[in-house]
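Single-structure report; data block below.
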Amino acid sequence: MKPRKRSLLLALAVAGFFTATPYARAQEARVALLSGITGPIAGMAPAMIASMKLALDQANAAGGLSYGKLLYQEFDDGCNPQIATDAMTKAVNVFKATAAVGPGCSGALLAAANSVSIPAGLLLISSSATSPKITTLDDKNLVYRTVPSDDYQGKVLARALLARGFKKVAVAYINNDYGKGLADAFKAEFEAKGGTITQFRGHEDKKPSYRADLAELAKGGADTLVLFDYANSSGLTILKQAIENNFFKNYVGADGMRDENLIKTLGADNLKTFLVSAPVGEAGEAYNRFAEAARKAGIDPNATFAATSYDAAFLVALALEAAKGDKSKLPQALRAVATAPGEPILPGEWDKAKKLLAAGKEIDYKGASGDLEFDAAGDVPGSFALFGVAGNTFKELQKMN
Amino acid sequence: MDLTLLNYPIFLGVLIALYALLTLGLNIQWGFAGLFNAGVAGFFAVGAYTSALLTAPPDPERILGLELPVAVGWLAATVMAALIAWPIGKVTLRFRADYLAIATIGIAEIIRLILRSEEALSGGVRGITQIPRPFGDLPYEAAQLAYLLLSWSLVGIIYWALERQVRAPWGRMMRAIRDNEAAAAAMGKDVEARRLEAFILGAAIMGLAGALYVHFMRAITPEAIDPMMVTFLVWIMLILGGSGNNRGALLGTALIWLIWSASELLTDRLPAEYATQAKYVRLFAVGLLLQIVLRWRPAGLLPERLYSIGQKG
């Protein structure tokens with residue numbers, strides 16, 4: 001029985017070493033940054049994490065909170081519910097987070113919020129979880145997001161396409177909460193406003209060929225394909241095969257398809273009839289301030305969810321300052337600093353915000369990704385524009401609302 | 001003492017209990033009966049969704065939502081996983097080793113894709129939320145502790161029952177079938193029926209694990225039944241701990257989950273520029289550990305013990 005005892009002791013020693021980590025220190029605020037560093041959104045996570053850090057670093061560089069520094073630590077949510085709850089438990093109980101930014105994916109957020117952060121009373125604000133299910137979460141006022149629900153983008157895109165004269169389209173979507181959410185919202189609005197959807201099909205990702213799906217989609221005679229997918233996944237394959245085989249004349253995508261690599265791979269000449277919708281900063285000035293700071297820090301400001309991630313972290317910092325470190329006042333403080341009325345605060349204007357708050361004035365953060373006025377459920381409406389391809393980049397054609 | 005420091009070990013304990021049920025279930029199938037089931041996630045999913053559908057509040061977009069007591073959900077999850085395992089076992093258990101693995105992995109994928117696509121059944125990709133949790137109304141710390149006790153008492157009961165079962169003549173017979181099927185058949189054992197029994201028993205325990213999971217998380221989406229996080233992680237736990245030994249299964253589960261989860265605390269001490277990269281190393285470390293164990297301790301940390309008649313062990 002000796003080896004067994006030895007392994008048991010070893011297990012206990014390992015457990016003891018890891019769990020007895022002392023972390024407690026007063027006079028500071030701790031922000032946990034959760035993102036899908038591994039898993040399906042691993043490609044987007046580095047820019048998201050870097051943008052969150054940028055916001056907190058800016059605040060610290062300008063003197064930090066009035067009662068101490070902003071500390072942060074990143075956690076991997078794996079874009080998966082098991083890993084995300086594990087990360088959230090560590091964030092709450094070991095790191096002793098005062099607030100959290102993330103998790104990055106909807107399924108991960110639902111599990112982590114339901115089982116850890118809401119019972120523990122932790123405020124969280126996600127910059128990339130877009131499922132409409134989060135709107136109806138019984139969240140005790142603790143769950144927010146700076147990215148609009150898919151419901152919203154699907155609807156504005158439907159209205160914009162109808163206004164541009166697209167009356168008959170086929171819809172293909174990647175079968176996950178992102179694609180399905182967008183497609184459902186798009187369909188409801190498009191049909192309600194008099195458009196016709198000839199085919200409506202979900203597909204799984206990672207298939208080598210989508211020609212059979214495309215052949216089905218082309219039935220019904222629509223000359224436009226609306227594709228809700230990711231440019232670094234099946235979206236690219238479908239678009240490539242559709243163009244090669246001339247299945248449709250026009251192609252429309254949503255924010256997941258807005259990726260300059262797509263233009264590099266397929267060639268701008270082939271994408272003359274390609275339109276994408278994507279969120280844009282409402283106030284140009286706010287976005288420019290963020291973009292400048294991001295470029296200096298080596299982050300691509302146009303990376304997916306970079307702006308929303310920056311805003312989420314900056315808002316958390318502002319709320320921590322306004323709540324004076326009282327965790328129970330955070331939700332109220334977050335709403336106060338994010339929504340009108342108040343003196344407008346742009347990205348990076350930490351010093352100004354701090355002074356106004358110290359003087360007891362109201363502030364209203366105007367973010368890089370939009371105005372960020374939270375509604376009762378903690379969602380933002382967001383602002384979107386329609387882009388076309390020009391040269392090797394995307395050019396804004398019109399705002400959508 | 002600061003009680004919140006205990007929350008993390010308590011959470012680890014609950015997750016280890018969940019995975020312990022999965023490894024115990026797989027141990028019956030692989031460790032004692034030699035059935036290469038690579039579809040653990042499928043039975044886990046059946047259990048999780050069954051219990052969720054029976055206990056969650058109704059939703060106009062999908063069926064059921066009966067708000068039954070949680071205990072009913074757990075029982076139904078166990079029964080449902082067994083019921084699903086029966087026809088699957090009937091069809092696939094004629095296959096040997098690697099063929100059975102391919103068949104079961106395929107079936108698990110079918111189950112996963114059905115749950116992803118059939119919105120009226122499972123809520124589709126958005127999943128099911130607002131699932132009740134036993135003791136969920138208590139304050140955070142107390143609720144976690146209560147769930148820990150609940151889940152470990154279940155693990156305890158199942159461990160005790162399985163230990164009795166594998167020491168009984170049934171266990172000896174299963175090992176005989178596993179080690180020499182022809183000889184066992186010549187002794188008059190009904191090989192096919194016995195293998196089916198082991199398959200169904202293991203699947204039922206996996207279904208219970210799914211139910212335990214879903215009420216702990218209070219929500220389920222198809223990402224939770226990812227083969228990487230359910231099937232393959234469970235296989236690693238069992239191989240590392242020692243298949244054919246229930247204590248080995250428990251030890252392997254605890255070790256792998258501790259390494260998986262707690263290594264993040266260690267990598268967080270690294271300078272910021274390495275902290276992000278270090279997260280990828282976790283996946284690598286688990287694979288490396290498996291390689292090392294297979295090389296130097298191929299039977300696992302706690303190898304199978306030889307039982308003889310009348311031995312209490």
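Every chain is numbered from 1 and lettered A, B, ... according to where its sequence line falls, protein lines coming before strand lines. Predicted, not measured: the structure shown is a model, and the values here were computed from it. Heavy-atom basis, side chains included; hydrogens, waters and symmetry copies ignored.
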For this session: Give a yes or no on whether the ring-centroid distance for Phe228(A) and Tyr178(A) is below 6.0 angstrom.
Result: no

For this session: With a 4.5 Å cut-off on heavy-atom pairs, point out which of Asn114(A), Leu110(A), Leu137(A) contacts chain B the most.
Result: Asn114(A)

Exercise. Based on non-hydrogen pairs under 4.5 Å, which of Trp257(B), Phe216(B), Tyr213(B) is most in contact with chain A?
Worked result: Tyr213(B)

Exercise. Quick one: of Val92(A), Val116(A), Ile49(A), who has the most non-hydrogen atom pairs under 4.5 Å with chain B?
Worked result: Val116(A)

Exercise. Asn27(B) side chain to Thr23(B) main-chain N or O, any donor-acceptor pair under 3.5 Å?
Worked result: no

Exercise. Taking side chain as C-beta onward, heavy atoms only, is Val40(B) less than 4.5 Å from Leu22(B)?
Worked result: yes

Problem set entry | Thr130(A) side chain to Asp150(A) side chain, donor-acceptor N/O pair below 3.5 angstrom | yes

For this session: With a 4.5 Å cut-off on heavy-atom pairs, point out which of Ala120(A), Ala42(A), Ala111(A) contacts chain B the most.
Result: Ala120(A)

Exercise. Do Ser51(A) and Ser309(A) have side-chain N/O donor and acceptor atoms under 3.5 Å apart?
Worked result: no

Exercise. Within a strict 4.5 Å, meaning less than it, do heavy atoms of the Arg305(B) and Asn245(B) side chains meet?
Worked result: yes

Exercise. Are His203(A) and Tyr173(A) an aromatic pair by the rule of ring centers under 6.0 Å?
Worked result: no

Exercise. Which residue out of Asp138(A), Asp86(A), Asn176(A) racks up the most heavy-atom pairs below 4.5 Å with chain B?
Worked result: Asp86(A)

Problem set entry | Atom NZ of Lys327(A): over 12 foreign heavy atoms under 6.0 Å | yes

Exercise. Relative to chain A, which segment of Asp59(B) carries a heavy atom at a distance below 4.5 Å: side chain, backbone, both, or neither?
Worked result: side chain

For this session: Indicate yes or no: does Lys206(A) engage Glu204(A) in a salt bridge with an N to O separation below 4.0 Å.
Result: no

Exercise. Is the Lys NZ or Arg CZ of Lys53(A) less than 6.0 Å from the centre of Tyr72(A)'s six-membered ring, within 45° of the axis?
Worked result: no

Problem set entry | Side chain, backbone, both or neither of Leu113(B) within contact of chain A (heavy atoms, under 4.5 Å) | side chain

For this session: Check whether Tyr147(B) gets within reach of chain A through its side chain, its backbone, both or neither, counting any heavy atom under 4.5 Å.
Result: neither

Problem set entry | Electrostatic pair Lys207(A)-Asp213(A), nearest N-O below 4.0 angstrom | yes

Exercise. Which of residues 217-226 of chain B get closer than 4.5 angstrom to chain A, counting heavy atoms alone?
Worked result: Met217(B), Arg218(B), Ala219(B), Thr221(B), Glu223(B), Ala224(B), Asp226(B)

Problem set entry | Most contacts with chain B, counted as non-hydrogen pairs under 4.5 angstrom, among Lys133(A), Lys90(A), Lys180(A) | Lys90(A)

Problem set entry | Arg145(A) side chain near Ile134(A) side chain, heavy-atom distance below 4.5 Å | yes

For this session: Heavy atoms only, distances under 4.5 angstrom: which of Met228(B), Gln130(B), Glu119(B), Arg126(B) has the most pairs with chain A? Name it, please.
Result: Arg126(B)

For this session: Below 4.5 Å from any heavy atom of chain B, which atoms of Asp184(A) appear? Answer side chain, backbone, both or neither.
Result: side chain

Exercise. Checking heavy atoms, do the side chain of Phe75(A), its backbone, both or neither come under 4.5 Å from chain B?
Worked result: both

Problem set entry | Top contributor to chain B contacts, counting heavy-atom pairs under 4.5 Å, from Pro132(A), Cys79(A), Ser106(A) | Pro132(A)

